[in-house]
Participant: 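Below: one structure in structure tokens.
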Amino acid sequence: MRLSHHFGKTLRQVPAEAETVSHQLLLRAGLVQQLAAGIYAYLPLGWRVLRKIEQIIREEMDAAGGQELFMPALLPIELWEASGRDQTMADIFFRVTDKRERRFVLGPTHEEIIVDLFKRQVQSYRDLPLMPYQIQVKFRDEARPRGGLIRVREFTMKDLYSFDTDWEGLDESCRKMLRAYQNTFDRCGVPTSIVEADSGAIGGKDSWEFMFFCDSGEDQAVLCSAGDYAANAEKAEFRKPTIPQEPPQAVEEVATPGVKAIDDLCAFLGISSWQTLKAVFYAADGQPAFVAIRGDMEVNETKLRNALGAVDLHMMDDAELTAAGLVAGYASPIGLKNVKVVADDAVPSSSNLVGGANKPDAHLRNLNYGCDWTADIVTDIAVAREGALCPRCGSPLTLQRAIEMGHVFKLGTVYSEKLGATFLDRDGVAKPAVMGTYGIGTGRLLAGVVEANHDEQGIIWPPQLAPYDTHLVALGTDRSDVVQACERLYEELQQAGISVLYDDRDESPGVKFNDADLLGMPLRLTVSPRTLTSQSVEVKRRSEKESTLVPLGEAAARLRELLKQP
RNA sequence: CGGGGUGUAGCUCAGUCAGGCUAGAGCGCACGGUUCGGGACCGUGAGGCCGGCAGUUCGAAUCUGCCCACCCCGACCA
């Protein structure tokens, strides 16, 4: 490709809209261009890399037993009504209506559709296991696209679905995918770690994410400093600080005029936050829920949502509180009626806590779970914070920003039961297939590759993903000997199977070298009057400072060697 | 959805508080010339519904109202 006619210009300045490194470099190098919030066009350079990423994914999926197919993106709403996800995923649907008023959604994911295909294709245990997959565009009306390609509304994703006869089979399919994912990310030059994850609205059982730790990430991972535990912050457990047990004492009201927040309460009474009971009111699918947690912890809304089995969950606002007859700041679990009570599992073992009195300007001392009040649900609903203790070994936990590069889910039989994906087992009994679902966002992976492979000058492509193997720089385009040597080399290399981005523009050396660094091809080849005095071409790796002179006649052979051994 | 911010040339921005604009700069772009191993220089030139609509005013990029778009934080996120 000649740069003089390449579609996609480099930018000297960082576009104001870009904050993360990958976003800036993707725009500056002319790999992508934004059309609207979270909607991007891939320019030729970006598209070449994306296709290479997809090819690596294909190879790894096929090697693990996957079979590529292709499903529609335009999906009748009825499929989603059948699974109930027309409700749980309503917020992220892009909806479409045809001229007969028939309703469709642009597919945000494809569990319902693959199950529909499965039902017609599979009847017997002898057909299983199966791992169909596709690489296809998804549409999600995300509340907030961000970070360039990191979270977008239209994106390409590899989604694979596994169907097994039993849970052991699912374990095996899952193992294969974990390995395939590890290979994929390794080959793409993105270091990832596997963390335990929440399974969210999709339902199902165990779930893991492949995290690339990186400050541009939007997710938080919780890591054990001794390496014994890694989890998404939404899911992370921790050892809760134990506090001195005391014999329960009688409840006693204490006047606390104007004291609402836990900090104020502690200061007012001269106690520590772990001696208090914090009360938070949530609306869970419209139903009020009273949430009690010790004052030294905070509520993890993902855990709470799972505990309540709720789809919509938010803290009640003042209007909702008033309507439910509740008093914020002075709430107490004692004497509550018609409100579901959820308590964090550290509460029952904490004695003589100070909590609200359910009336303004008063609190109660010596609240004891079991004696004075009980909850409908007692479970872990606390946020794991920096410095909390590892649930496995007790070492301190740290928080890390991360980009989720891939997700692996053990779905189990949730969808196969709901949608009737059954097979006849060897005993002649119809059983639901045991499913898994596995996703990799290709554009996000591209962003991850750039985040993981760059310096101050620009991108440093891993050779296996580079849009071109070499970047040929002609210095002195007004000299016919330079032009002739470049043209010859350009042809020769391509015939030898080496791809070349050829900077044939009439630009100064500085401009050309800077663009070469920005665009990041693995090998830079320079031909100039200087190199021609020895009939050679200067060869430099993007990842290194040193360059070497190679005789023009040997260039193709030598470059082929260099490209083989990074 | 809550909070914050920004919309002026292809890109980065000044001008807006204090109305007088016939709207500027740098980069990029076109043409001519000089340069040529790390974002060169000189000259000439093209390029703008100042996000949109409505209003105030003799006069609006500038003031007022409504709307839209984009970015950031949070909520949300198979």
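A note on names: the letters A, B, ... follow the listed sequences, proteins ahead of strands, and every chain is numbered from 1. Atom set for the values below is all heavy atoms of this structure, side chains included, hydrogens, waters and symmetry mates excluded.
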Participant: In whole angstrom, give the distance that lies between atom CZ of A:Arg144 and atom P of B:rA69.
Facilitator: 16 Å
Participant: Measure from CZ on A:Phe7 to C1' on B:rG10 and round the result to the nearest Å.
Facilitator: 13 Å
Participant: What's A:Val473 touching, base or sugar-phosphate or nothing? Going by heavy atoms closer than 4.0 Å.
Facilitator: nothing
Participant: Does the ring centre of A:Trp208 sit less than 6.0 Å away from the ring centre of A:Phe409?
Facilitator: no
Participant: Output the rounded distance in Å from CG (A:Asp219) to P (B:rC77).
Facilitator: 12 Å
Participant: Could you tell me how far apart A:Asn300 (CG) and B:rC76 (C1') are, to the nearest whole angstrom?
Facilitator: 14 Å
Participant: Just how far, in rounded Å, is P of B:rG7 from CD of A:Glu17?
Facilitator: 14 Å
Participant: B:rA23 pairs with which nucleotide, Watson-Crick or G-U wobble, both distances below 3.5 Å?
Facilitator: none
Participant: What interatomic distance, in whole Å, is found between P of B:rU22 and the corresponding atom of B:rG26?
Facilitator: 22 Å
Participant: Charged N to carboxylate O below 4.0 Å: is that the case for A:Arg505 and A:Asp515?
Facilitator: yes
Participant: So, A:Lys235 and A:Glu209, do they make that salt bridge, N to O below 4.0 Å?
Facilitator: no
Participant: Using a cut-off of 4.0 Å on non-hydrogen atoms, how would the nucleic acid contact of A:Tyr282 be classed: base, sugar-phosphate, or nothing?
Facilitator: nothing
Participant: With a 3.5 angstrom cut-off on both distances, give the Watson-Crick or G-U wobble partner of B:rC76, or none if there isn't one.
Facilitator: none
Participant: What is the separation between atom CG on A:Leu25 and atom C1' on B:rC11, rounded to the nearest whole Å?
Facilitator: 16 Å
Participant: Assess whether a salt bridge exists between A:Arg542 and A:Asp455, defined as any Lys/Arg side-chain N lying under 4.0 Å from an Asp/Glu carboxylate O.
Facilitator: yes
Participant: In whole Å, measure the gap between the C1' atoms of B:rG37 and B:rG33 for me.
Facilitator: 23 Å
Participant: Tell me whether A:Glu544 is salt-bridged to A:Arg524, with the criterion being a basic N under 4.0 Å from an acidic carboxylate O.
Facilitator: no
Participant: Answer yes when A:Glu154 and A:Lys138 have at least one side-chain N-carboxylate O distance shorter than 4.0 Å, and no when they do not.
Facilitator: no
Participant: Which nucleotide, in any strand shown, forms a Watson-Crick or G-U wobble pair with B:rC17, with both distances under 3.5 Å?
Facilitator: none
Participant: Any strand is fair game: report the nucleotide pairing with B:rU64 by Watson-Crick or G-U wobble, both distances under 3.5 Å, or none.
Facilitator: B:rA54
Participant: Could you work out the separation of B:rA60 and B:rC77 based on their P atoms and round it to a whole Å?
Facilitator: 49 Å
Participant: Figure out the CD/P separation between A:Gln220 and B:rC77, and round it to whole Å.
Facilitator: 16 Å
Participant: Check nucleotides 46-51 of chain B for protein N or O atoms closer than 3.5 Å to its own N or O atoms and list the pairs.
Facilitator:
none

Participant: Begin from the C-alpha positions of A:Phe210 and A:Phe185 and carry the test ring pair (Phe, Tyr, Trp, His ring centres under 6.0 Å) through to its verdict.
Facilitator: CA-CA 9 Å; A:Phe210 281 78; A:Phe185 298 128; 5.4 Å; yes
Participant: What does A:Pro15 touch in the nucleic acid at a heavy-atom separation under 4.0 angstrom: a base, only the sugar-phosphate, or nothing?
Facilitator: sugar-phosphate
Participant: Going by purine N1 to pyrimidine N3 plus the second Watson-Crick contact, or the G-U wobble pair, all under 3.5 Å, which nucleotide sits opposite B:rG43?
Facilitator: B:rC31
Participant: With the sugar-phosphate defined as primed atoms, P, OP1 and OP2, and the base as all remaining atoms, what B/S/- string results for nucleotides 35-42 of chain B, 5' to 3', for protein heavy atoms under 4.0 Å?
Facilitator: -BBBBS--
Participant: For A:Ala16 and for A:Arg305, locate the closest nucleotide of RNA chain B by heavy-atom distance; then report the residue assigned to the nucleotide nearer the 5' terminus.
Facilitator: A:Ala16
Participant: For the C1' atoms, the ones on B:rU6 and on B:rC11, what distance do you get once it is rounded to whole angstrom?
Facilitator: 16 Å
Participant: Output all residues satisfying ring-ring contact (aromatic ring centres under 6.0 Å, His included) with A:Tyr133, sequence neighbours left out; order by chain, then residue number.
Facilitator: none
Participant: Donor-acceptor pair, distance only, cut-off 3.5 Å: does the side chain of A:Lys278 make one with the backbone of A:Met297?
Facilitator: yes
Participant: When you compare the side chains of A:Lys158 and A:Tyr181, does any donor N or O come within less than 3.5 Å of an acceptor on the partner?
Facilitator: yes
Participant: For B:rA69, which nucleotide is its Watson-Crick or G-U wobble mate, given both distances must be under 3.5 Å?
Facilitator: B:rU6
Participant: Between B:rC13 and B:rG2, how far apart are the P atoms? Round to whole Å, please.
Facilitator: 28 Å
Participant: Output every pair passing ring pair (Phe, Tyr, Trp, His ring centres under 6.0 Å) with a member in residues 514-533 of chain A, not counting sequence neighbours, ordered by first then second residue.
Facilitator: none
Participant: Mind jotting down which residue pairs meet the salt bridge (Lys or Arg N to Asp or Glu O under 4.0 Å) criterion with at least one end in residues 26-41 of chain A? Sequence neighbours excluded, please.
Facilitator: none
Participant: Could you please name the option among B:rU12, B:rG74, B:rC70 that lies closest to any side-chain atom of A:Arg146?
Facilitator: B:rG74
Participant: Can you check the A:Asn306 CG to B:rC77 C1' distance for me, whole Å?
Facilitator: 14 Å
Participant: Checking all strands, does A:Gly441 fall into the base, sugar-phosphate, or nothing category for heavy-atom contacts under 4.0 angstrom?
Facilitator: nothing
Participant: Answer with base, sugar-phosphate or nothing: what part of the nucleic acid does A:Ala18 contact at a heavy-atom distance below 4.0 Å?
Facilitator: nothing
Participant: Taking atom P in both B:rG48 and B:rU34, what distance in whole Å separates the two?
Facilitator: 32 Å
Participant: Quick one: do A:Asp141 and A:Arg95 make a salt bridge, cutoff under 4.0 Å?
Facilitator: no
Participant: Could you check whether A:Ala143 gets within reach of a base, just the sugar-phosphate, or nothing at all, counting any heavy atom under 4.0 Å?
Facilitator: base
Participant: If the P atom of B:rA25 is compared with that of B:rG43, how far apart are they to the nearest Å?
Facilitator: 13 Å
Participant: Taking only N/O atoms, report every protein-nucleotides 23-26 of chain B pair under 3.5 Å with atom names and distance.
Facilitator:
residue: B:rG26; atom: N2; partner: A:Gln13; partner atom: OE1; Å: 3.2

Participant: If each of A:Gly147 and A:Arg151 is mapped to the nucleotide of RNA chain B with the nearest heavy atom, which maps nearer the 5' terminus, i.e. the 5' end?
Facilitator: A:Gly147
Participant: Using a strict cut-off of less than 4.0 Å between a Lys/Arg side-chain nitrogen and an Asp/Glu carboxylate oxygen, indicate whether A:Arg558 and A:Glu554 qualify as a salt bridge.
Facilitator: yes
Participant: Which value, in whole Å, describes the distance between the P atoms of nucleotides B:rU8 and B:rC63?
Facilitator: 16 Å
